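One structure is given here, and the rest of the page talks about it.
Here the structure is a predicted model, which is why all the values come from computation and not from measurement. Here is how names work: the chains are called A, B, and so on, in the same order as the sequence lines, proteins then strands, and each is numbered from 1.
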Amino acid sequence: MIGDLFARMRHGDRNALSRLLSHIARGEFVDDIRSLLIPSPQAPSARVIAFTGSGGVGKSTLIGRLIPLVRAANRKIAVLACDPQSPLSGGALLGDRFRMGSTSDDGVFIRSLAALSGSSGLAKHLDLMIDALEAFGFDVIFLETVGAGQGDVAVGHHADALVLLLQPESGDDVQWEKAGVLECADVIVIHKADLPTADQTMAQVRAAIDLSPSHHIPILRVSTKLNQGHAELWQALESLPARRLRPSIARRLFQHLIESQECHLRELEAEANAELNKLLADWQAGTLSTVDAARRLSALFSRSLLASADVALRDGLAPGSRSPKASG
Amino acid sequence: MSQPQRVVLAKVGLDGHDRGIKVVARALRDAGMHVIYAGLWQTPEAVVRTVADEDADWLGLSLLSGAHMTLVPRVLELMKEAHLQHVGVIVGGIIPEADVPKLLEMGVAKTFGPGTSLDEILAFLQKPRERTP
Ligand SMILES: Nc1nc2c(ncn2[C@@H]2O[C@H](COP(=O)(O)OP(=O)(O)OP(=O)(O)O)[C@@H](O)[C@H]2O)c(=O)[nH]1
Ligand SMILES: [Mg+2]
């Protein structure tokens, strides 16, 4: 069932993508979906940008203004917007979308997500949702956090860039500095720059940044009310290097390797493989060192991998042809 | 544990009163649902897109403007085009008695007039519904 849904998504069925995201959000079929989403090295790489900042700082409104700029650059955009979920009732009032403005443009996808309080200000399994949106063909993915504070550093792991929004007269800059988010941000936006004390806030933030020995983080003034600064912000975001993809592709491939070998181990155990048993007995008896035992296990794995590839070839299945990519 | 229902609430048409819909939104949240508030002055196209992208179980439309006999059928038609027939549609607002059976005939699951209690709406939405894969 999940395989069908996945294939439909791969063929451009938007409702299938939407349903897939629901499954991921509820933690259903997560392992299956993860293995279906194994990245190919040529996968088109979306640019993922996270927006964080205190409640009411204007994250949703700002994202709503950036969407047309992204579309004007001929890029398809998806937004994952997190709002808090009540720990008591489990209910949630998801209002970000309303602030982003409504559209029926096919190149724009907005999904509202409930994030449990006390978590990182993000919904669960966000990485998988990002992969699914990327597989569907979105070029740019925006994440809006709940703006919980400390945990927001975590969003940086999912994103190519982290944008921190601060507003004048809120004392936000001090709070976020304490939480260690200030120096993790790739871009800092002084939002609501139409408010009278924006200059002062800007100076304070600059001073705080200059104290830290890290890099020079761009600080931009944006007013959504006056419609100022959005083009500059988008330009700054576009010119940032893609930090997420290179290490993460390697890590995901590695993850796949581990998972497939775990499967193998289970099979070898189940069939009481003679070579495996011998190896384990020798290791236990101390006649085989741990390093040598691990080497022999690894050799055993690659031999059985090769054997199954031979079977696949004989059956007319080229290696990898069973991956969802190639069937699409 | 059952998964929270996802409900999109939207106002179509020209009137600018959103107090009622906000009260309903809050009540549904407190009952454990996930409420996506889509806002005022929505076009039928934008509403249906929201329902699709949010993978909603329910769409709650609110209308006071008297345009329900044009706007509701339009939304239902677009939902069918978008293969969203599995989503239940409820309509709230001022709807003349005579129009109610017509709306139900078109595929609206239920209408709620101005005097409806929140409990009534909740009870209706909490009846179990099948989700298609
Ligand atoms: N003065 C001023 N107000 C703004 C500006 N941008 C947004 N606002 C107002 O700020 C309020 C909050 O905006 P949102 O976009 O909902 O803020 P948010 O950060 O997404 O809020 P949460 O999702 O609840 O954390 C709204 O009332 C906006 O109208 C701006 O540039 N200047
Ligand atoms: Mg918001």
Side-chain angles (χ1 to χ4, degrees), chain A residues 1-6 8 13-29 60 64 78-116 123 129 133 136 138, chain B residues 1-12 18 21-57 60 74-75 78-87 118 122 125-126 131-133:
Chain A
M1 180 201 110
I2 201 71
D4 278 359
L5 192 64
F6 191 84
R8 275 168 50 204
D13 180 340
R14 195 170 168 122
N15 292 353
L17 169 70
S18 188
R19 180 57 52 88
L20 207 58
L21 293 176
S22 302
H23 284 310
I24 299 172
R26 297 196 210 106
E28 296 164 356
F29 310 113
S60 306
V79 183
L80 298 174
C82 303
D83 261 327
Q85 174 172 345
S86 154
L88 292 177
S89 69
L93 195 49
L94 308 171
D96 290 326
R97 177 182 201 105
F98 158 62
R99 296 271 184 208
M100 290 176 194
S102 72
T103 170
S104 49
D105 175 358
D106 282 342
V108 180
F109 183 101
I110 301 174
R111 170 54 76 93
S112 313
L113 299 166
L116 266 176
M129 297 194 204
L133 291 167
F136 191 79
F138 287 101
Chain B
M1 198 190 85
S2 75
Q3 293 293 343
Q5 306 230 43
R6 291 175 68 83
V7 185
V8 168
L9 293 183
K11 274 196 83 99
V12 286
D18 60 357
I21 202 170
K22 282 183 172 163
V23 171
V24 172
R26 219 153 288 153
L28 298 187
R29 176 198 58 189
D30 293 342
M33 299 183 191
H34 288 183
V35 182
I36 297 105
Y37 179 57
L40 292 166
W41 305 304
Q42 298 287 304
T43 64
E45 285 77 7
V47 168
V48 173
R49 178 44 64 79
T50 299
V51 169
D53 289 0
E54 297 289 356
D55 190 17
D57 301 291
R74 179 76 186 130
V75 168
L78 289 169
M79 299 244 306
K80 203 173 288 171
E81 275 173 29
H83 306 289
L84 295 170
Q85 295 97 318
H86 58 277
V87 180
L118 291 170
L122 275 176
L125 293 182
Q126 281 170 336
R131 278 184 79 95
T132 52

Which residue out of [options] racks up the most heavy-atom pairs below 4.5 Å with chain B?
options                     : answer
A/L17, A/I110, A/I2, A/L113 : A/I110
A/A78, A/S112, A/G90        : A/S112
A/L88, A/D96, A/T103        : A/T103

### Query
Measuring heavy-atom distances to chain B, does A/R14 have an atom under 4.5 Å in its side chain, in its backbone, in both, or in neither?
side chain
### Task
Please state whether the side chain, the backbone, both or neither of A/D4 comes within less than 4.5 Å of a heavy atom of chain B.
neither
Would you say [X]'s side chain and [Y]'s backbone share a donor-acceptor pair under 3.5 angstrom?
X      : Y     : value
A/R97  : B/Y37 : no
A/S89  : B/R29 : yes
A/S104 : B/R49 : no

### Query
So which of B/E54, B/Q42, B/H83, B/H34 has the largest heavy-atom pair count under 4.5 angstrom toward chain A?
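Going by pairs under 4.5 Å, I would pick B/E54.
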Contact origin within [X] toward chain A - heavy atom pairs under 4.5 Å:
X     : value
B/A10 : neither
B/T50 : both
B/D53 : both
B/A38 : backbone

#### Entry: Minimum side-chain heavy-atom gap A/L21-B/D55 below 4.5 Å
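The answer is no; the side chains never approach within 4.5 Å.
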### Query
Roughly how far apart are A/S22 OG and B/R6 CZ, rounded to 0.5 Å?
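Answer for the OG-CZ pair, A/S22 versus B/R6, is 6.0 Å.
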### Query
Residues in salt bridge (Lys or Arg N to Asp or Glu O under 4.0 Å) with A/D83, at least two apart?
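Checked A/D83 against salt bridge (Lys or Arg N to Asp or Glu O under 4.0 Å); zero matches.
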### Message
According to salt bridge (Lys or Arg N to Asp or Glu O under 4.0 Å), who are the partners of B/R26, at least two apart in sequence or on a separate chain?
### Response
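Salt bridge (Lys or Arg N to Asp or Glu O under 4.0 Å) list for B/R26, sorted by chain: empty.
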#### Entry: Shortest non-hydrogen contact between B/A52 and A/S18, atoms and distance
O-OG, 2.6 Å
